[in-house]
Student: 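Once you've had a glance at the structure underneath, I'll fire off some questions.
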There are 2 protein chains.
Amino acid sequence: MGTQMTEMLKGTLEGIVLSILAERPAYGYEITAELRERGFTDIAEGTIYALLIRIETKKLVAVDKVPSAKGPPRKVFTLNDAGRAQLRDFWSTWNELVSRIDNLPHESKGH
Amino acid sequence: MGTQMTEMLKGTLEGIVLSILAERPAYGYEITAELRERGFTDIAEGTIYALLIRIETKKLVAVDKVPSAKGPPRKVFTLNDAGRAQLRDFWSTWNELVSRIDNLPHESKGH
DNA sequence: TTCACTACTAAGTGTTGCTAATTACCACTA
DNA sequence: TAGTGGTAATTAGCAACACTTAGTAGTGAA
């Protein structure tokens with residue numbers, strides 16, 4: 001992936017994943033697929049799994065092992081209250097950043 | 001500063017500074033002040049100087065030493081062609097990220 | 001001479017996303 | 001039976017970035 005996007009995802013990717021989990025519980029592989037559908041085409045699988053471990057450690061999610069018909073058991077992640085609070089923080093920080101950047105000198109900002 | 005914002009600035013701060021330099025040449029202290037005016041209140045001085053060294057190393061700017069009435073000579077940074085190209089890249093990546101994030105599940109996205 | 005302001009530098013830290021390799025499980029097929 | 005392919009998760013090592021903290025100097029005014 002372009003280095004530019006890689007660096008920009010730092011600090012946003014966690015919020016992106018949390019917002020997907022806010023819709024419904026999901027497991028790693030599923031989240032990776034959903035991200036690709038949503039345009040985040042080049043995010044490495046390993047990145048997602050590492051991130052999921054992080055949000056589990058931070059206790060933003062509940063985790064259930066669910067047996068799968070094909071393949072090893074799935075780790076299903078469900079957002080908890082702390083996770084929803086973190087997600088609200090994410091949106092407020094993101095909105096603030098967007099509005100600050102909107103106020104930057106705009107010459108050739110792209111439409 | 002909130003950790004959340006700190007992480008989000010990774011990958012964007014460089015573009016933010018470049019876009020300030022696109023308006024007019026400036027030196028470190030000046031840029032720091034301008035950022036504060038524009039709402040980036042808590043960015044450490046050291047962070048800006050480190051970033052300026054990075055973009056100088058990447059040859060995105062021309063550097064001139066200009067004597068100052070009060071204090072040591074200023075290092076004035078001027079965007080060059082490579083810098084302007086980098087800035088265009090920044091805006092296109094940024095716009096792409098914004099549009100992807102806009103398409104995320106939107107419940108409680110903030111107003 | 002002391003103080004405040006200006007301007008830059010340097011060392012070390014933590015978080016993050018990346019690559020790449022490995023393991024595990026099941027169904028299908030040659 | 002062995003092999004292949006798709007699903008699912010984990011791990012180790014790496015590089016980039018912003019942060020904190022501290023320090024070095026030059027200048028003018030009290």
Side-chain angles (χ1 to χ4, degrees), chain A residues 1-18 25-36 40-58 60-61 63-77 86 90 93 97, chain B residues 1-18 25-36 40-58 60-61 63-77 86 90 93 97:
Chain A
M1 188 165 23
T3 313
Q4 186 102 253
M5 184 57 93
T6 291
E7 288 307 321
M8 253 183 225
L9 283 174
K10 292 188 181 175
T12 56
L13 188 53
E14 182 181 300
I16 291 166
V17 168
L18 289 180
Y27 53 96
Y29 198 80
E30 198 181 4
I31 293 170
T32 304
E34 173 129 6
L35 284 173
R36 295 200 202 292
F40 298 95
T41 42
D42 288 318
I43 293 181
E45 253 191 285
T47 300
I48 299 303
Y49 287 111
L51 189 154
L52 288 171
I53 288 171
R54 266 195 324 263
I55 65 178
E56 182 184 355
T57 304
K58 288 199 258 175
L60 304 178
V61 285
V63 182
D64 296 288
K65 283 244 172 178
V66 178
S68 163
K70 36 177 69 177
R74 298 164 172 167
K75 272 178 78 175
V76 174
F77 296 82
Q86 177 71 10
F90 165 74
T93 306
L97 181 61
Chain B
M1 191 166 18
T3 312
Q4 186 102 252
M5 185 56 95
T6 291
E7 290 306 321
M8 256 183 222
L9 284 174
K10 292 187 182 177
T12 54
L13 188 54
E14 181 181 300
I16 291 166
V17 169
L18 289 180
Y27 51 97
Y29 198 81
E30 198 181 6
I31 293 171
T32 304
E34 173 129 6
L35 284 173
R36 295 202 202 292
F40 299 94
T41 42
D42 289 318
I43 294 180
E45 251 191 289
T47 299
I48 298 304
Y49 286 112
L51 190 153
L52 289 171
I53 288 171
R54 268 198 318 267
I55 64 178
E56 181 183 356
T57 303
K58 289 198 260 177
L60 304 178
V61 286
V63 182
D64 296 287
K65 286 247 171 178
V66 177
S68 163
K70 34 178 68 178
R74 297 164 172 168
K75 269 178 80 174
V76 174
F77 296 83
Q86 176 72 9
F90 165 74
T93 306
L97 181 62

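Naming: A, B, ... by sequence-line order, numbering from 1 per chain. We use all heavy atoms of the structure for the numbers below, so side chains are in, but hydrogens, waters and symmetry mates are not.
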Student: In whole angstrom, give the distance that lies between atom CE of B:M5 and atom C1' of D:dT20.
Tutor: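 About 19 Å, once rounded to whole Å.
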
Student: Within this structure, what is the CG-to-P distance between A:L97 and D:dA18, rounded to whole angstrom?
Tutor: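 The answer, rounded to whole Å, is 12 Å.
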
Student: Using side-chain heavy atoms (C-beta onward) and a distance below 4.5 Å, is B:L97 in contact with A:L9?
Tutor: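 Result yes, sub-4.5 Å side-chain heavy-atom pair found.
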
Student: For residues 47-56 of chain B, which side-chain donor-acceptor pairs fall under 3.5 Å, sequence neighbours excluded?
Tutor:
{"unit_1": "B:Y49", "atom_1": "OH", "unit_2": "B:Y29", "atom_2": "N", "d": "3.2"}
{"unit_1": "B:E56", "atom_1": "OE1", "unit_2": "B:K75", "atom_2": "NZ", "d": "3.2"}

Student: With sequence neighbours excluded, tell me which residues meet side-chain hydrogen bond (donor to acceptor under 3.5 Å, both in side chains) with B:E14.
Tutor: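 Partners of B:E14 under the side-chain hydrogen bond (donor to acceptor under 3.5 Å, both in side chains) test: B:K58, B:Q86.
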
Student: Between the protein and nucleotides 23-30 of chain D, which nitrogen or oxygen pairs are less than 3.5 angstrom apart?
Tutor:
none

Student: Quick one: which protein N/O atoms are closer than 3.5 Å to N/O atoms of nucleotides 10-13 of chain D? Pair and distance per line, please.
Tutor:
{"unit_1": "D:dT10", "atom_1": "OP1", "unit_2": "A:K75", "atom_2": "NZ", "d": "3.2"}

Student: Nearest whole angstrom, please: distance from the P of C:dT19 to the CD1 of A:I43.
Tutor: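 After rounding, the gap between these two atoms is 11 Å.
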
Student: Apply side-chain contact (heavy atoms from CB on, under 4.5 Å) to A:P25 and list each qualifying residue two or more places apart in sequence or on a separate chain.
Tutor: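 A:P25 satisfies side-chain contact (heavy atoms from CB on, under 4.5 Å) with A:V76, A:T78 only.
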
Student: Taking atom CG of B:L35 and atom CD1 of B:I43, what is their separation to the nearest 0.5 Å?
Tutor: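 B:L35 CG to B:I43 CD1: 5.0 Å, rounded to 0.5 Å.
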
Student: Quick check: closest heavy atoms across B:V61 and B:F77, and the distance to 0.1 Å?
Tutor: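 So the minimum-distance heavy-atom pair works out to CG2-CD2, 3.8 Å.
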
Student: How many whole angstroms separate atom CD of A:Q4 from atom P of D:dA16?
Tutor: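 To the nearest whole Å, that distance equals 14 Å.
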
Student: N/O contacts under 3.5 Å, protein versus nucleotides 12-16 of chain C?
Tutor:
{"unit_1": "C:dG14", "atom_1": "N2", "unit_2": "B:K10", "atom_2": "NZ", "d": "3.0"}
{"unit_1": "C:dT15", "atom_1": "O2", "unit_2": "B:K10", "atom_2": "NZ", "d": "2.8"}
{"unit_1": "C:dT16", "atom_1": "OP2", "unit_2": "A:R54", "atom_2": "NE", "d": "3.2"}
{"unit_1": "C:dT16", "atom_1": "O2", "unit_2": "A:K10", "atom_2": "NZ", "d": "3.3"}

Student: Can you measure from NZ (B:K10) to CD (B:E7) and round to the nearest 0.5 angstrom?
Tutor: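 Here the interatomic distance stands at 4.0 Å.
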
Student: Using the test side-chain hydrogen bond (donor to acceptor under 3.5 Å, both in side chains), find all partners of B:Y27 that sit at least two apart in sequence or belong to another chain.
Tutor: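 B:Y27 satisfies side-chain hydrogen bond (donor to acceptor under 3.5 Å, both in side chains) with B:R74 once adjacent residues are dropped.
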
Student: How close or far is atom P of C:dA7 from atom CD of B:E56, stated in whole angstroms?
Tutor: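 Rounded to whole Å, this separation is 17 Å.
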
Student: A:I31 has an atom CD1; how far is it from atom P of D:dA8, in whole Å?
Tutor: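 My rounded result for the distance is 12 Å.
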
Student: For the helix from C:dT1-D:dA30 to C:dA30-D:dT1, how many degrees between its two end axes (five pairs per end), to the nearest 10°?
Tutor: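 Rounded to the nearest 10 degrees, the bend comes out at 20°.
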
Student: Any side-chain N or O of B:Y29 below 4.0 angstrom from OP1/OP2 of C:dC8?
Tutor: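 It does not, given that no N or O in the side chain of B:Y29 lies less than 4.0 Å from OP1 or OP2 of C:dC8.
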
Student: Could you tell me how far apart B:L35 (CG) and D:dC19 (P) are, to the nearest whole angstrom?
Tutor: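 So the CG-P distance, B:L35 to D:dC19, works out to 10 Å.
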
Student: State, to 0.1 Å, how close A:G11 and B:Q4 come at their nearest heavy-atom pair, and which atoms those are.
Tutor: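 Distance-wise, the nearest heavy atoms are O-OE1, 4.5 Å.
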
Student: Between C:dG17 atom C1' and B:M8 atom CE, what is the distance in whole Å?
Tutor: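 Whole-Å distance recorded here is 15 Å.
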
Student: Identify the heavy atoms of B:R36 and B:E45 that sit nearest to each other, and give their distance.
Tutor: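 That would be NH2-N, 4.4 Å.
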
Student: Side chains of A:F40 and A:L13, heavy atoms from C-beta outward: is any pair under 4.5 Å?
Tutor: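 The answer is no, as the side chains (C-beta and beyond) never meet within the 4.5 Å cut-off.
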
